Each structure stands twice: as structure tokens, then as C-alpha cells.
Amino acid sequence: MKPPRDGRPLWMQAAAIIVAFTVLLYAIEAVDVLANHRLDQAGVEPREVDGLWGILFAPMLHFGWGHLIANTIPMLVLGFLSLMAGIARGITATAVVWIVGGIGTWLTGGSGSVHIGASVLIFGWLTFLLARGIFNRSAMQILIGLVVLVFYGSLLWGVLPSDPRISWQGHLFGAIGGLIAAWVLSSDQRAARRKPAVAG
């Protein structure tokens with residue numbers, strides 16, 4: 001593994017990025033409170049043309065402090081572990097989850113609803129961490145995935161319809177985005193396994 005360009009260990013870079021992102025979400029929520037929660041309407045509005053902009057903003061918005069606080073610990077843990085796959089890989093995985101989760105929610109969410117919250121990222125990071133070790137055939141990554149499954153596996157029930165106030169569509173398509181990201185980002189490992197061995 002190449003050393004980080006700025007000289008800091010990977011874990012330190014990953015921690016700094018996910019903490020900075022979390023602080024940003026708290027700052028946005030503070031602005032939203034001061035704006036009488038008007039920012040909440042900038043989320044994904046299914047099958048509305050204007051609602052497509054929500055794909056960009058929805059994961060950074062929350063319905064109040066309770067919603068954000070509930071997302072904070074899994075966001076910090078799973079986001080950090082995803083970035084530990086490599087900063088570029090972690091950011092790429094996040095982008096895939098962000099886009100797939102948003103588009104899937106826009107296509108399938110209930111009419112007249114607005115979907116916001118970082119849980120789309122949480123579910124995406126969760127499935128990314130669970131699947132990447134299998135696709136890469138990496139014992140260490142599989143072990144990390146199993147530990148994540150023990151602590152956060154129960155979250156996966158959130159991809160099923162339950163409480164109408166909870167965006168199971170965002171959870172489901174965030175999780176699908178995580179699987180897609182794990183598959184795409186393991187392409188180099190899978191290609192290497194397909195190369196024929198030649199005796200010298």
C-alpha cells in the first residue's frame with residue numbers, strides 16, 4: 001500500500017473526512033432550524049422534476065436533531081470503515097451510493113412525499129463493507145464485514161416497508177448502491193484472478 005501523499009496515516013485521513021462531513025451535517029441542521037426547517041423541502045420528491053435536485057441534497061438534510069443524532073454513530077463508524085478501504089475508493093463508493101440511492105428513491109418513493117437523511121449512505125456503506133470482502137476474496141475484509149454484520153446487521157430490516165414515516169426506499173436503494181459500489185471497486189481484483197497463470 002502506498003503511503004498517503006500528505007504523510008498522514010490512512011486512518012487519520014479517514015477519521016478527519018468523516019468527522020468533517022458529520023460536523024457539516026450538524027451545521028446544516030443548525031441553519032435549517034434557524035430557517036424554520038424550510039431546507040427539509042429540498043429533499044427527494046419522487047417523480048417530480050424539481051425533486052431531482054433532492055438527490056444532491058437529501059443525504060445532508062434531516063427532520064430535526066433527533067433524526068440527525070440517531071444517524072450520527074452509524075454514520076461515523078461505517079463511513080470511517082468505508083474510507084479505510086482507501087480514500088479514493090471510499091469516496092467513490094459514497095458517490096455511487098448517493099446517486100443510486102437518490103435515483104431509486106425518486107423512482108419508487110410515495111407520491112407527495114419528501115425523502116431526506118443520511119441513512120441512505122449508512123445502508124450503502126453497510127452493504128459495501130459486507131460485500132467487498134466476498135468480491136475481493138479478502139479474508140481480512142470478510143472479517144471486517146462479519147464484525148459490521150454483528151453490530152449493524154439488524155439495520156438491514158430497514159429495507160422493508162414498515163413505518164410510513166421512514167424512507168425504506170432510500171434504505172433499499174442505498175443498500176443496492178453499496179452492493180454496486182463493492183462490485184465495481186473490486187473489478188481490478190476480479191480481473192487479476194481471471195489472468196491465466198503461465199509457468200516460466
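Any value given below was found using the heavy atoms of this structure, including those in side chains, with hydrogens, waters and symmetry copies removed. All values derive from a computational prediction rather than experimental measurement. Along the sequence shown, the residues carry numbers beginning at 1.
- S186 and R132 are not linked by any side-chain donor-acceptor pair at a separation below 3.5 angstrom, with hydrogens and angles left out of the test.
- Here the side chain of D40 pairs no donor or acceptor atom with the backbone of F63 at under 3.5 angstrom.
- Sorted by first and then second residue, the salt bridge (Lys or Arg N to Asp or Glu O under 4.0 Å) pairs with a member in residues 82-105 read R89-D188; sequence neighbours excluded.
- Contact between L25 and A118 at its shortest, heavy atoms only, is CD1-CB, 4.2 Å.
- Cluster membership for F57 and L34, using ILVMFWY side-chain heavy atoms within less than 4.5 angstrom, is not shared.
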Show your reasoning for whether side chain to side chain contact (heavy atoms under 4.5 Å, CB included) applies to L68 and Y26.
CA-CA 8 Å; L68 176 55; Y26 273 79; 3.7 Å; yes

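- Cluster partners of I55 are V44, L52, I99, I103, W106, L107, counting Ile, Leu, Val, Met, Phe, Trp and Tyr whose side-chain heavy atoms approach within less than 4.5 Å, directly or via other members.
- In this pair, H171 and F123 present their aromatic rings parallel. The plane angle is below 30°, not in the 30 to 60° band.
- Taking CG of L146 as the reference point, atom CZ of F151 lies at 12.0 Å (rounded to 0.5 Å).
- With values rounded to the nearest 0.5 angstrom, F135 atom CZ is found 12.0 Å from Q141 atom CD.
- Between L129 and S82, some side-chain heavy-atom pair lies under the 4.5 Å cut-off.
- Rounding to the nearest 0.5 Å places CZ of F173 at 7.0 Å from OG1 of T105.
- The cluster map of Ile, Leu, Val, Met, Phe, Trp and Tyr, joined by side-chain heavy atoms under 4.5 Å apart, puts L149 and L179 in different clusters.
- Between L156 and L130, some side-chain heavy-atom pair lies under the 4.5 Å cut-off.
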Evaluate side chain to side chain contact (heavy atoms under 4.5 Å, CB included) for V96 paired with V184, printing each intermediate quantity in order.
CA-CA 10 Å; V96 172; V184 170; 6.0 Å; no

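- Taking both residues in full, the closest heavy atoms of W125 and M75 are given as CZ3-O, 3.5 Å, listed atom of the first, atom of the second, then distance.
- Between S111 and R47, the closest heavy-atom pair is OG-NH2, 3.0 Å.
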Before you tell me yes or no, could you show the steps for Q13 and L83 under side chain to side chain contact (heavy atoms under 4.5 Å, CB included), namely the whole-Å CA-CA distance, both residues' side-chain angles and the distance that decides it to 0.1 Å?
CA-CA 9 Å; Q13 293 186 69; L83 289 166; over 6 Å; no

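- Considering only residues two or more places apart in sequence or on other chains, V19 meets the side chain to side chain contact (heavy atoms under 4.5 Å, CB included) condition with V23, L76.
- A 6.0 Å sphere centred on CH2 of W11 holds no more than 12 heavy atoms belonging to other residues, nucleotides or ligands.
- Taking every heavy atom of both residues into account, H62 and D32 meet most closely at O-OD2, 3.9 Å.
- Separation of atoms CG (N136) and CD1 (I142) is listed at 9.0 Å; rounding is to 0.5 Å.
- The minimum heavy-atom distance between G54 and P59, with the atom names listed, is O-CD, 4.5 Å.
- Taking CG from L160 and CG from L172, the interatomic distance works out to 8.5 Å, rounded to the nearest 0.5 Å.
- Across all their heavy atoms, H67 and G117 have their closest contact at CE1-CA, 3.8 Å.
- Counting heavy atoms from C-beta on, the side chains of V120 and W98 never come closer than 4.5 Å.
- V159 is not connected to I166 by any chain of hydrophobic side-chain contacts under 4.5 Å among Ile, Leu, Val, Met, Phe, Trp and Tyr, and they are in different clusters.
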Quick one, F128 with V97, criterion side chain to side chain contact (heavy atoms under 4.5 Å, CB included). Give me CA distance, side-chain angles, the key distance, then yes/no.
CA-CA 9 Å; F128 171 72; V97 169; 5.6 Å; no

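- Of the possible donor and acceptor atoms, none in the side chain of S119 sits under 3.5 Å from a partner among the backbone N and O of I122.
- For the pair V114 and I116, the minimum side-chain heavy-atom distance is below 4.5 Å.
- Atom NE2 of residue H115 and atom CH2 of residue W168 lie 9.5 Å apart, to the nearest 0.5 angstrom.
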